[in-house]
Novice: 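This is the structure I want to talk about, given as structure tokens.
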2 protein chains.
Amino acid sequence: MDGGVKKTGVTSSQVAQRAGVSQSAVSRSFTPGASISPETRAKVLAAAKELGYRPNAIARSLITNRSRIVAVVMAYLDNLFYPDVLEQLGRLLAKEDYRLLLFTGLAGGDSDPVFDQLMQYRVDGIVLASTSLSSELSEECAAAGIPVVLFNRTTERDAVSSVTTHNREGGRRVAEYLLAGGHRRFGYIAGLESSSTNRDRLAGYREVLGEAGHKDILVEVGNYDRAGAQAAARKLLSRPDRPDALFVANDHMAVAVMDVARYELGLSVPEDISIVGYDDVGPAQWDAYGVTSMSQPHRRMVEATVEVLMSQISSGEIAAEHRVFSGELIVRTSARLPPSGVVEVEGRKVFRPER
Amino acid sequence: MDGGVKKTGVTSSQVAQRAGVSQSAVSRSFTPGASISPETRAKVLAAAKELGYRPNAIARSLITNRSRIVAVVMAYLDNLFYPDVLEQLGRLLAKEDYRLLLFTGLAGGDSDPVFDQLMQYRVDGIVLASTSLSSELSEECAAAGIPVVLFNRTTERDAVSSVTTHNREGGRRVAEYLLAGGHRRFGYIAGLESSSTNRDRLAGYREVLGEAGHKDILVEVGNYDRAGAQAAARKLLSRPDRPDALFVANDHMAVAVMDVARYELGLSVPEDISIVGYDDVGPAQWDAYGVTSMSQPHRRMVEATVEVLMSQISSGEIAAEHRVFSGELIVRTSARLPPSGVVEVEGRKVFRPER
DNA sequence: CAAGCTATTGCATACGTATGCAATATGCAA
DNA sequence: TTGCATATTGCATACGTATGCAATAGCTTG
């Protein structure tokens, strides 16, 4: 056992003694903007360095009533969209000097234990990017006076802040694209039926198709899950009246669907069937898939999330704020090209129909 | 600065008053195994429920000197292997009643700020699954008396606990497979050259190939990064003496390499070139890629990680412990099949050469 | 030179909980 | 009945920090 420092944390009082000042002086030396002379501060910092002192954030939280911790609830991470979001959340929160307490891999539906944790650790804010338990949890937290931001989803009553994209518009755009491509039979593979995101995308899709006289859309549910999406795809694509245009509620499912179409059913994409996804996330961009997809500007969405959170934390106001972004329909190879409307913007092909 | 609204914050004293008991009694009611009569406890719990009381974990940490928080450092999440690990870590830690403080998306190389955070929050344990800053960080933490587990990597001196697989063995197995498949020219796309994982895999690969008389292996560095891997692949695969067998240090890079081979260079896999990856992670298993890959049993690796951590936390002993697991070479379609040695185990084809 | 002001410092206390210790209540045996 | 062991309970304090308040030092202004 060489001189390894034991679990005995160095305290501000020890530093104070060493530096020949009061504990208050030590505290003030580590508090930006506090009243402390440069000389005293220098003495304190020197002593602190010698002893390896770091302020105890736990004790600090107790007195300031601020933990500088933001909780992020993200039920599953197998859709790369979420790890992407998580990584940038970590980056931006760190920049604001906040820590990220992650709740993931939780047993479905059971929101109470999570809520307990959040309350017990007195987190300063919460990002809910998970799916099922959002509505219950968000109401509880908002009621407890903790700022909450729903990421990529909303609740019925707009009582809780949210950051989303125009999902209904997105659904409409996809329909327009597929119509322009001359497709005839339309299908949809849903995410979680209960999720706002899914409902809005489908609603927009239905609207435009309905206006064009296509009322009978084949719908199967994939639950935002790879296996679920594949099961849905098998059902939908083995029908005699198989659709020639398929909108899949997100890219994570879209690539799964493409695998089924190509390798299980021997279909060609997009010759036999056009597939459009949502999110414009990692694998969708890979050459093996090349998914035509509605993008969600997740960088800006995360920025907005942190902005809203920080503003609510510092103001104490938790009036609900809703930030809604717009995406683009990124054109790749998984769906037949329409004769017009595809333009090149910043090196990417996007669909912008002339009205 | 911030005229914030005070949070509710029900305290144990308030509950005590309501229940007509002392604060101590409240505390004991929430401490398993404490000395408290069933009647008193019932009264307390009733009062607590009425007031919506939850013990303040911050205050509790201050006195118990245990935060029940484990820090996880994971620099990047775009390789799905890590989100998978993260999700299960979250699950298992929750089961042990620990919280997960995530450090991700950090600016490269700069380990000091992270270390500061860890110390300030008095985390009870640390999982380092990140890459570059592991060695420096781990030494510092171990020196500070905090249990550390390196996940999927080790350091030079074995002073810090680790959970890994037999990477050298894995590299050997890959070489055996490719040799058995009758390949002639061998290449390797490296991860981070400094990482132990990468070095060991390459070493094993080299050993076996060397024994078979193949000394000149073409190596390019991909840095565990998609873009890097693709650049490396372009270099390696446009050479006139292009290899017909390529070992890529992980699946995340392997699928990127396959995209380059197929869609940029027009090569057929495995007819023109065989590709073998490592990890057996998500996309590698998808039909569009079907990567033949050395698996890492990440479920069991995460279990072991949590076990080691819990044991070190509860015992106070931080003697380094090294858990090493074995994987299988999962046979799919990205590499030519050898005439023998491929057997079916639990529904999966694996390579087990007869010796 | 005096008076007044500002900058700096230390003292004392508070944050919400856990826990050693002493005090009390309860139960049992004699 | 008494005495003793045990189960509960409350009191007081400690954890490590931040901060209002009063005291002091240093400086400016007249």
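Atom set for the values below is all heavy atoms of this structure, side chains included, hydrogens, waters and symmetry mates excluded. Chain naming here is simple, since letters A, B, ... match the order of the sequence lines and numbering starts at 1 in each.
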Novice: Kindly indicate, with the supporting measurements, whether the criterion salt bridge (charged side-chain N to carboxylate O under 4.0 Å, His left out) is fulfilled by B/Arg323 and B/Glu321.
Specialist: CA-CA 7 Å; B/Arg323 302 276 190 102; B/Glu321 189 175 341; 3.1 Å; yes
Novice: What nucleic acid atoms does A/Ser37 come within less than 4.0 Å of, heavy atoms only: base, sugar-phosphate, or nothing?
Specialist: sugar-phosphate
Novice: Are OP1 or OP2 of C/dC11 and a side-chain N or O of A/Ser22 less than 4.0 angstrom apart?
Specialist: no
Novice: If the plane angle is over 60° it's perpendicular, under 30° parallel, otherwise tilted; pick one for B/Tyr76 and B/Tyr82.
Specialist: perpendicular
Novice: Could you list the donor-acceptor pairs under 3.5 angstrom formed between side-chain atoms of residues 15-25 of chain A and any protein atom two or more places apart in sequence or on another chain?
Specialist:
{"from": "A/Arg18", "atom 1": "NE", "to": "A/Glu50", "atom 2": "OE1", "distance (Å)": "3.2"}
{"from": "A/Arg18", "atom 1": "NH2", "to": "A/Glu50", "atom 2": "OE1", "distance (Å)": "2.2"}
{"from": "A/Ser22", "atom 1": "OG", "to": "A/Ser24", "atom 2": "N", "distance (Å)": "3.4"}
{"from": "A/Ser22", "atom 1": "OG", "to": "A/Ala25", "atom 2": "N", "distance (Å)": "3.3"}
{"from": "A/Gln23", "atom 1": "NE2", "to": "A/Ser12", "atom 2": "OG", "distance (Å)": "3.4"}

Novice: I need the CZ-P distance between B/Arg41 and D/dT8, as an integer number of Å.
Specialist: 12 Å
Novice: May I ask you to say what A/Ile36 touches in the nucleic acid, namely base, sugar-phosphate or nothing, with a heavy-atom cut-off under 4.0 Å?
Specialist: sugar-phosphate
Novice: Taking pairing as Watson-Crick or G-U wobble with both contacts under 3.5 Å, can you name the mate of D/dT29, or confirm there isn't one?
Specialist: C/dA2
Novice: Treat primed atoms plus P, OP1 and OP2 as sugar-phosphate and everything else as base, then score nucleotides 13-21 of chain C 5' to 3': B for base contact with protein heavy atoms under 4.0 Å, S for sugar-phosphate contact only, - for none.
Specialist: -BBBBBBB-
Novice: Considering non-hydrogen atoms only, spot the tightest contact between A/Ala319 and A/Ser161 and give its length.
Specialist: O-OG, 3.9 Å
Novice: Are A/Ser195 and A/Tyr224 close enough that a side-chain donor and a side-chain acceptor fall under 3.5 Å?
Specialist: yes
Novice: Establish, from distance only, whether the side-chain atoms of B/Glu87 and A/Thr104 form a donor-acceptor pair under 3.5 Å.
Specialist: no
